[in-house]
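Computed from a prediction, not measured in an experiment: that's the story for all the values here.
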Amino acid sequence: MAVELYLLLLLLCGSTVSEVQPLHKPPPGTLDFGFVPAKTYDTNAYHEPGPIGIVFRLVHSFLYLVQPNSFPQDLIQKLTQQKFGNVQGDYQKPENVVLTLQAIYYEIGFIVPAALGLLFVLLLPLVGLCFCMCRCCDNCGGEMHQRQKKNADCRRGCFATFLFVASLIISIGVLCAYAANQHLTSQVRGAKNLVHSNFKDLRIFFNNTPGQIDYLVSQYNTTKNKALSDLDNVGPLLGSRVQERFAKEVRPALDAALTMAGAIRETKEALENVSVSVEVLQEGTERLHSNLTDVKIHLSNTLSDSACSAAQAASTCNIIRNSLNQLNINANFSGLPGVSTQVAKVNDVLKIDLSSLVQKGYAAFNNTPDLVLNQTRNILSDIKNLLDFIGSNITSFTKMLPVQKVLADLTIYLTQSEAYVQDYFPVVEQYDFYRWLGCLILCCMVILILVFYYLGLLCGTCGYDKHASPTTRGCISNTGGNFLMAGVGFSFLFSWVLMIIVVITFVTGGNIEKLVCEPFEDRTLFKVLDTPYLLNRHWRNYLSAIVLKNPDINLTFEKVYSDCKENKGIYTTLHLENLFNINEFLNISMYTEDVSLKIEHINVNLSNIVLLDEIGKRNLLDFSSSGIDGINFAAYLTEINKSVTKVDLLSFANDLEARADQLPKGALENALKGHANSIRMIHNQQVVPLEQAMKYVKARSTLNQSIRLLQRTSSEFMVKVRNVISAVDAAQFLISNDASLVIIQETKKYMDMIIGYFEQYVEWVKESITMEVAACKPIANVIDTAVDIFLCSYVIDSVNTFWFGLGGCSIFLIPAIICAVKLSKYYRRMDTEDVYDDMENGNNGYHKEHLYGIHNPVMTSSVEQW
């Protein structure tokens, strides 16, 4: 039935998945399918015997001493496979004789104790009979006469001690037997809950399997929803991948073009700054030039005065006249070439917004995901319909399979089995009660003997009077001796019965422990069952022939039990791939091929993407030919670096005034000093502002920076413009000519990502089926419960402990009988006794009774005869 259930499981899952071996495995997003629902089983296939476990281990050690040989795996295999016929000659074949001898050698540890036990059973009743007849004839201690011995007290003490020790050991043995008997009964009564727990786990196992199957099927929706989500996001996913492939070429080209647009604006600003700065500086230098020219004219007119003709002033006037050329400006910004032509050309270039054109290229390129989405709407709709069709097929196929019917049949069978167990469990308990009662009777037999022994020891010890002669012992002492003899009598009556039970349970329980329980624990027993052609001479592997109808498949009891112990799925445990190969039933190739074909039909046209049109390119070329590189940057830099005047006007004025002082006092001197003051005024009012005023300093600095900027960039403009245009053309060529190849490659990756979700589903279903679905832990629990717990722990350990305790009692009954017979002689009242003289023997013997005033005719006659 379990096989039928699993067939339905495989068929159900087989309609959804397949074995697909992709050429390459892209890293798709990892899907979270959650955990296959699993129930917690109640059965704990482990038994802790409690305090009695110490005795169990002691019995195991004793069995190891009796039978130290390892499990005879080869011998059992050969014995099982060997055919013993009814013909006498079959047993005399050499191979059969060898096997028989090997079996006897292995069982010698049980045979010898069993033979001794049978000898005990046969001899002890016979010895008891002879002993009774012997005593009836006043022999074997039957004569009521006790001979005097010097060590009588020592002997009596030794016999009492030995009997007490023997009784104590027998008490321990009977206590062990009683505890084992009670343990077995209590465990049998408690086994009902254990059996119920196993049935409950099996019911959970059957009931949980459909839910696990449904969960596997339902997780197809996780795969489908993820695929649909990626299909809805085909623009960001596929479009972005295509975009990223081209971005390595396109973005740098557009960035360079946008940078060039910024450079054009910077160039315009620099040209304008040059023009404005030159105008400011020209204004200041021209006014200074005019004032210096006036001063120079006036000073020349003064030097033309007749006073300069005098001999005292002629040389000084000539020196002053020769220095007049120094009164002139040094930095002449009026002579610099203008940049109006370049400014006009750059302004013409800026009439076209190159940045806007580049941003349009950006926008067209960034619109790739939307372009992909718009051009794949119809194909994506077909793929979504295909996924919905797959889901509907799964649902319809699920409804066609009679899973519930098979589970219902299994549940009915399980219910009937449980009802059968429940009906017959009272019968088991009843028979166990009979067994318990029988074992209790056996224990009571031993206890009865022990009671007589203990009462005999108690009465004999307490009532014994060492001064009393054997014939005058007290009633209590005599009663103790009678109790001891009663114990001896019951020992002869019961001991052989006890030994029969001990031999039977010893041979049975010991062999089951050695041949079943121990090999089951180390799983050697399964290896025997897995021996080829053992259970059926036509089948190499019995279990595979039963389950898989193929005896050649290596399906072993040991592997099945181990896998179930590890809670693996039935599919892995029973090697059901030989009946239903999961790789054939997990088949989504028919669907993935359709999905692949649909995705391969995706054709995205990127020809509408224009990174930079011809107007933008012409604009760049016009800028490169704007003539900025023709500006005389050296002339500008030369004038910028010149001082304002050729000579320091303040020094010139001071020198002029000093030379005026060399002239005779008069109008000429005063006129020259007036000119010196005028020069000082020009210096302070015009030269100093040109050198220090913010307006002129800023103009000079701006002019310097702008000229240097233009000088630095003008030489690279042509190269940069060509590089930008080349990069844009190369990126545009890539989009126009290589787009189809890139789209095919990225579409395949996108397809592999979508298919990868189904492959993840396949692998997850495979792993779940092999490891989690229909996990067979309850089956291993049933085996452990039946063999390890019930048979071995409950029954065999208790039986072995019972015979161990009872056997010890039976063995120690022998020394107890001997000691009791010997000791009773010292407790019982005798009819006659030996008499001797106190002076001759001291006080160690018995005293004559007439010395104490007691008349004894027998003793008197004995003395007279002596």
Side-chain angles (χ1 to χ4, degrees), residues 52 55 120-121 124-125 127-129 131-132 135 140-142 144 155-185 433-465 473-502 505 801-829:
I52 199 173
V55 184
F120 181 95
V121 171
L124 199 64
V127 170
L129 179 61
F131 179 74
C132 291
R135 286 184 67 87
C140 302
M144 298 300 289
R155 289 168 61 86
R156 175 178 54 80
C158 290
F159 287 140
T161 302
F162 291 152
L163 179 59
F164 178 76
V165 171
S167 299
L168 188 62
I169 294 174
I170 295 172
S171 300
I172 296 174
V174 75
L175 182 62
C176 292
Y178 177 78
N181 186 37
Q182 291 297 119
H183 180 266
L184 177 57
T185 298
F433 172 75
Y434 295 151
R435 177 209 57 77
W436 174 83
L437 187 60
C439 293
L440 186 62
I441 291 173
L442 294 175
C443 292
C444 289
M445 291 179 181
V446 180
I447 292 174
L448 179 62
I449 297 172
L450 286 174
V451 169
F452 284 124
Y453 285 157
Y454 282 127
L455 288 176
L457 286 171
L458 179 63
C459 294
T461 302
C462 294
Y464 180 77
D465 183 4
R473 288 175 181 150
C475 180
I476 297 176
S477 176
N478 186 60
T479 302
N482 292 333
F483 276 137
L484 293 178
M485 292 308 299
V488 170
F490 282 110
S491 297
F492 281 118
L493 288 176
F494 297 152
S495 58
W496 65 276
V497 178
L498 299 178
M499 186 55 70
I500 290 176
I501 302 301
V502 169
T505 53
T801 303
F802 183 79
W803 64 250
F804 181 76
L806 211 59
C809 295
S810 301
I811 293 173
F812 278 92
L813 282 177
I814 296 176
I817 290 172
I818 298 172
C819 291
V821 171
K822 293 288 187 180
L823 185 61
S824 66
K825 201 74 171 178
Y826 294 94
Y827 292 157
R828 298 178 69 189
R829 184 183 297 120

Review item, side-chain donor-acceptor pairs of residues 801-818, under 3.5 Å, at least two apart:
| residue | atom | partner | partner atom | Å |
| --- | --- | --- | --- | --- |
| Thr801 | OG1 | Asp797 | O | 2.7 |
| Trp803 | NE1 | Asn800 | OD1 | 2.7 |
| Ser810 | OG | Leu806 | O | 3.0 |

Could you list the donor-acceptor pairs under 3.5 angstrom formed between side-chain atoms of residues 164-171 and any protein atom two or more places apart in sequence or on another chain?
| residue | atom | partner | partner atom | Å |
| --- | --- | --- | --- | --- |
| Ser167 | OG | Leu163 | O | 2.8 |
| Ser171 | OG | Ser167 | O | 2.7 |
| Ser171 | OG | Tyr454 | OH | 2.6 |

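With sequence neighbours left out, Ile447 forms a side chain to side chain contact (heavy atoms under 4.5 Å, CB included) with Val174, Val451. The side chain to side chain contact (heavy atoms under 4.5 Å, CB included) check on Leu448 picks up Phe452, Phe490, Phe494, with sequence neighbours excluded. In this structure Trp436 satisfies the side-chain hydrogen bond (donor to acceptor under 3.5 Å, both in side chains) test together with Gln182, sequence neighbours excluded. Not counting sequence neighbours, the partners of Ala160 by the side chain to side chain contact (heavy atoms under 4.5 Å, CB included) test are Leu457, Leu823, Tyr827. Looking at residues two or more places apart in sequence or on another chain, you find a side chain to side chain contact (heavy atoms under 4.5 Å, CB included) between Cys444 and Leu440.
The line from CG of Leu498 to CG of Leu124 is 10.0 Å long, rounded to the nearest 0.5 Å. From Ile501, atom CD1 reaches atom SG of Cys439 across 8.0 Å, with rounding to the nearest 0.5 Å. How far CD1 of Ile52 is from SG of Cys176: 7.5 Å, rounded to the nearest 0.5 Å. Taken from OH in Tyr178 to CG in Asn181, the straight-line distance is 8.0 Å, to the nearest 0.5 Å. Taking CE of Met499 as the start and CZ of Phe120 as the end, the distance is 4.5 Å to the nearest 0.5 Å.
For residues 434-447, every residue pair satisfying the salt bridge (Lys or Arg N to Asp or Glu O under 4.0 Å) rule, not counting sequence neighbours, is listed here: Asp432-Arg435. For residues 484-494, every residue pair satisfying the side chain to side chain donor-acceptor pair (under 3.5 Å) rule, not counting sequence neighbours, is listed here: Tyr453-Ser491.
In this structure, the side chains of Phe492 and Leu129 stay at 4.5 Å or more apart for every pair of heavy atoms.
Here the side chain of Thr505 pairs a donor or acceptor atom with the backbone of Val502 at under 3.5 angstrom.
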